[in-house]
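All remarks here apply to the structure that follows.
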Protein chains: 2
Amino acid sequence: MFRDDDVCDLIQIDLVRVSAIRSALTAPGSVQALADTFSALGDPTRVRILDALSHGELCVCDLAAVLRLSQSAVSHQLRLLRGLRLVRPRRDGRVVFYSLDDQHIMAIFRQTLQHVEEGQKQGAGKREAGDGGPKPRASAHAKAAGGRRR
Amino acid sequence: MFRDDDVCDLIQIDLVRVSAIRSALTAPGSVQALADTFSALGDPTRVRILDALSHGELCVCDLAAVLRLSQSAVSHQLRLLRGLRLVRPRRDGRVVFYSLDDQHIMAIFRQTLQHVEEGQKQGAGKREAGDGGPKPRASAHAKAAGGRRR
DNA sequence: GTATTGTATGAACAACTGTTCATATGTTCA
DNA sequence: TGAACATATGAACAGTTGTTCATACAATAC
């Protein structure tokens, strides 16, 4: 944990600036909301669900068929996405159609894809997450490490 | 898992559309890259780090002081963020300064905050993640549940 | 060289998460 | 009403993640 006497006492440490920045930080509530939302987006299955829904409204069953997932898995994920208002349900008989809740989501996707692709340009040959190659399912504590190459 | 004979055979199931959408889906590599990036953003500590850095370049020690975190915790998280090119290090003697890697990140933050706040407007009184109130640290498998109220 | 200091990293542990299986809920049709 | 079917949900398990502690690395000062 952080202790006040643990602060390094270099000249660079500008305590004034530190407390200035600290008081300008985003409110904890918003931080948590941001993290929750990004967390929901931070799973391949959910990314795929939203990607599929970007092509238009789909019922749970169609969604499962499109993504080749079990109905249960899709339903569980939809529940999560629904809770964060990333998707919206519409009931029609016994079928429930889901659609993207608003336009922000696709905008966020586009922005982030831009960031990712930009990095791929720069670091060509460096292999970062998402180069299309067959990957060993990026695993524990080494996911975004600086230098992996097995 | 998904089995082909598990497809519900309603009229709504449009197998043509299903395969049409499937072939239009974002490539697996990009999906993974998106998920990895969102995953990195999906943690309060990392959100706070990026938020702090949005006020300008900071050394690890200052960052720890601003956020009241241990140097080790900050360093571990910076490593992750660095791997995804969300932050960029600059060495000056023994001090390493970190800054946001590009402008996309803040743009993504803004978009997402907009989404979150928009939802708060609509669902006023419904309590979604991030309303500023003291929360019991939103826990396991119930994080974004549809109907919570204890 | 050694001491000092800022940063990085490995191991380990508790907490969290995504999927599956079994089952419940809700809607339509006979 | 009861059968059929689309969707939702609870429990449980394996896999993943964030923090801490101890320690290594790197750059400067002596």
Side-chain angles (χ1 to χ4, degrees), chain A residues 1-3 6-13 35-36 39-40 42-49 58-65 67-83 89-98 136-147, chain B residues 1-3 6-13 35-36 39-40 42-49 58-65 67-83 89-98 137-148:
Chain A
M1 270 297 274
F2 178 86
R3 288 153 295 168
D6 198 21
V7 184
C8 40
D9 36 24
L10 282 187
I11 299 165
Q12 283 85 353
I13 278 286
D36 285 346
S39 232
D43 174 78
T45 299
R46 291 191 290 267
V47 167
R48 291 172 63 218
I49 288 177
L58 281 170
C59 70
V60 177
C61 187
D62 281 352
L63 212 36
L67 304 178
R68 295 185 170 285
L69 290 168
S70 73
Q71 174 269 319
S72 180
V74 171
S75 197
H76 275 298
Q77 301 294 25
L78 284 173
R79 176 178 148 95
L80 219 187
L81 295 172
R82 209 189 325 133
R90 176 180 72 82
R91 179 146 224 147
D92 182 18
R94 40 189 161 183
V95 184
V96 178
F97 291 95
Y98 280 88
R137 186 66 172 113
S139 178
H141 272 203
K143 207 199 240 169
Chain B
M1 268 297 276
F2 177 87
R3 287 153 296 166
D6 198 20
V7 184
C8 40
D9 37 24
L10 282 186
I11 299 164
Q12 281 85 355
I13 278 286
D36 285 347
S39 233
D43 174 77
T45 298
R46 291 192 288 269
V47 167
R48 293 199 312 145
I49 287 177
L58 281 170
C59 69
V60 177
C61 188
D62 281 351
L63 213 37
L67 304 179
R68 296 188 168 283
L69 290 168
S70 74
Q71 174 268 319
S72 179
V74 171
S75 198
H76 275 297
Q77 301 293 26
L78 284 173
R79 176 180 148 93
L80 219 189
L81 295 172
R82 208 191 321 133
R90 177 180 71 81
R91 179 144 225 149
D92 182 19
R94 41 190 158 179
V95 184
V96 177
F97 291 94
Y98 279 89
R137 187 66 170 111
S139 177
H141 271 204
K143 208 198 236 168
R148 34 245 157 305

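Numbered from 1 within each chain, the chains take letters A, B, ... in sequence-line order.
- Between the side chain of B:R82 and the backbone N or O of B:P89, no donor-acceptor pair lies under 3.5 Å.
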Next item on the list: Start with the C-alpha gap between B:V47 and B:D43, add the side-chain angles, then the distance that decides, and say whether side-chain contact (heavy atoms from CB on, under 4.5 Å) holds.
Entry: CA-CA 6 Å; B:V47 167; B:D43 174 77; over 6 Å; no
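- Stacking here means ring centres nearer than 5.5 Å and ring planes tilted less than 30 degrees, and by that measure A:H76 does not stack onto C:dT19.
- As a whole-Å value, the separation of A:L80 CG from D:dA8 C1' is 14 Å.
- Judged by distance alone, the side chains of A:Y98 and A:R90 never bring a donor and an acceptor atom under 3.5 Å apart.
- One can place CD1 of A:I49 at 11 Å from P of C:dG18, the figure rounded to the nearest angstrom.
- Considering only side-chain N and O atoms, A:Y98 lies under 4.0 angstrom from the phosphate OP1 or OP2 of D:dA8.
- Contact check for A:L78 versus A:L63: side-chain heavy atoms found under the 4.5 Å cut-off.
- With rounding to whole Å, A:L78 atom CG is found 13 Å from D:dA6 atom C1'.
- Rounded to whole Å, the distance from CZ on B:R90 to C1' on C:dG6 is 15 Å.
- Nearest nucleotide to the side chain of A:A73, out of C:dG18, C:dT20, D:dT7: C:dT20.
- Considering only side-chain N and O atoms, A:Q77 lies nowhere under 4.0 angstrom from the phosphate OP1 or OP2 of C:dT17.
- B:R82 places its CZ atom 8 Å from the C1' atom of C:dA8, with the value rounded to the nearest Å.
- Distance CG (A:L67) to C1' (C:dG18): 15 Å, rounded to an integer number of Å.
- What separates CG of B:L69 from P of D:dT19 is a distance of 7 Å, to the nearest Å.
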Item checked: Nucleic acid footprint by protein, nucleotides 22-30 of chain C - heavy-atom cut-off 4.0 Å, B for base, S for sugar-phosphate alone -> B----BB--
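- Using modelled atom types, no side-chain atom of A:R79 and backbone atom of A:L81 make a donor-acceptor pair closer than 3.5 Å.
- Side-chain proximity of A:V60 to C:dA8, D:dT7, C:dT19: nearest is D:dT7.
- If you take CZ of A:F97 and C1' of D:dA6, they are 11 Å apart, rounded to a whole angstrom.
- A donor-acceptor contact shorter than 3.5 Å is absent between the side chain of A:R46 and the backbone of B:A35.
- With sequence neighbours excluded, the residues satisfying side chain to side chain contact (heavy atoms under 4.5 Å, CB included) with B:S75 are B:Q71.
- Side chain of A:R79, nearest nucleotide from D:dG10, D:dT20, C:dA8: D:dG10.
- Nearest to the side-chain atoms of B:C59 among the listed nucleotides D:dG18, D:dT7, C:dT7 stands C:dT7.
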